[in-house]
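In what follows, a structure is listed as structure tokens, so that the remarks can point back to it.
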Amino acid sequence: MHACTESYELGLFTEPAFTLSRETSEHPLILVCEHASRFIPAALNGLGLDHEAAREHIAWDIGALALAQGLSNALGATLLAANYSRLLIDLNRPLHAPDSIATQSEIYPIPGNQVLDEATREYRRRCLFTPFHSQLQTLIDERLAQGRPVRVVGIHSFTPVYHGQPRALEAGVLVGEAKDYAQRLIDGLSQHPLKVAVNEPYKINPLGDMTVPVHGDARGLEAVLIEVRNDLLRTPENVSRWTDYLAPLL
Ligand SMILES: [Zn+2]
């Protein structure tokens, strides 16, 4: 492995990798927002994407941070949110996943990721991935050591049109092992006139996902990932509506 000092991205990641809110919360819930930010350091020129594509869903999960913050505020729960775009390195993928540093997202090739040397990959891992997941692991470790219950919930959003197909689904609860918890969430959401489903629009891949299988299932904790369609999170009023739907259930 090359030393990080050889990376041509050296010194670009001057912002902290994450923002941690309510670290000392007593609430069992740890909210995680891996795709909270579209921030890419200016020197990387948006990884060569045109602005509109970069602004849209491939660089981040639109509305997910606002919803996660709403839930954190409503419950007084801890929130760990990424400060960099998923396009630099995807925090919800293990490092060995082929799309950890994606060369293509949906229909968009990502020019700035096409040819990366190993030192640059390692630099992104060390600056962005490792601090985020070390922090999450530490939060969980500390609470378990105190004998406290822990639940891990990732907050995400999905695009209303994917590969040209509109999606009717409004929210999904993605789950691996914590099926009872997921069902409680779905049952609660189903009290409202909402189109919701378990393991839609995506499924947890135990080997290809990160937060739910690694921090939750592998440790025997209740863990799910919640996906809300992003056109439903475009205004503060709508974010607040989804906060009200979800907060009592988590
Ligand atoms: Zn996401």
Side-chain angles (χ1 to χ4, degrees), residues 17-19 29-40 47 49 53-72 79-95 97-108 110 113 124 128-129 132-133 135-136 152-163 165 167 169-176 178 182 185 196-217 223-234 238-239 242-243 246 250:
F18 58 81
T19 298
L29 186 65
I30 298 175
L31 293 157
V32 182
C33 200
E34 305 96 321
H35 301 155
S37 175
R38 63 182 171 188
F39 176 64
I40 296 170
L47 297 175
L49 286 161
R55 265 200 309 275
E56 275 305 314
H57 63 274
I58 67 166
W60 64 328
D61 284 3
I62 296 162
L65 178 61
L67 177 58
Q69 287 171 332
L71 291 166
S72 173
L79 167 61
L80 178 68
N83 288 342
Y84 287 86
S85 171
R86 66 187 300 174
L87 297 181
L88 291 163
I89 189 164
D90 193 327
L91 298 179
N92 197 31
R93 298 284 178 271
L95 292 174
D99 52 352
S100 165
I101 298 176
T103 54
Q104 169 115 6
S105 177
E106 201 196 339
I107 54 174
Y108 305 100
I110 303 160
N113 287 349
R124 289 190 193 179
L128 307 180
F129 183 95
F132 187 92
H133 286 288
Q135 179 62 73
L136 181 52
V152 180
V153 172
I155 301 295
H156 292 251
S157 70
F158 62 95
T159 176
V161 178
Y162 190 65
H163 288 284
Q165 295 297 314
R167 287 158 149 171
L169 186 79
E170 293 177 297
V173 178
L174 314 191
V175 65
L185 297 177
V196 297
V198 174
N199 289 335
E200 300 287 346
Y202 309 112
K203 292 184 175 38
I204 299 289
N205 175 349
L207 300 177
D209 275 59
M210 185 69 197
T211 299
V212 166
V214 172
H215 293 288
D217 292 345
V224 296
L225 188 160
I226 293 173
E227 291 269 6
V228 178
R229 209 175 66 206
N230 72 31
D231 59 311
L232 306 174
L233 298 175
R234 299 267 184 167
N238 283 346
V239 168
W242 279 91
T243 302
L246 288 164
L250 293 174

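What you are looking at is a predicted structure, and each value in this text was computed from that prediction instead of being measured. When a ligand or atom number is given, it counts from 1 through the structure's own listing order. The chain is numbered in sequence order, starting from 1.
Between atom CD1 of residue Ile155 and atom CG of residue Leu65 there is a gap of 10.5 Å, rounded to the nearest 0.5 Å.
Not one N/O/S atom of Glu34, from backbone or side chain, sits under 2.8 Å from the Zn ion (ligand 1).
The two residues Arg124 and Asn113 come nearest to each other via the heavy atoms NH1-OD1, 2.9 Å.
Side-chain atoms of Thr19 and Asn83 include a donor-acceptor pair closer than 3.5 Å.
Within Asp61, the N, O or S atom lying nearest to the Zn ion (ligand 1) carries the name OD2.
Between Tyr202 and Tyr162, the angle of the ring planes goes over 60°, which puts this pair in the perpendicular group of the 30/60° scheme.
At the Zn ion (ligand 1), the vertex angle linking ND1 of His156 with ND1 of His35 is 100° (nearest 10 degrees).
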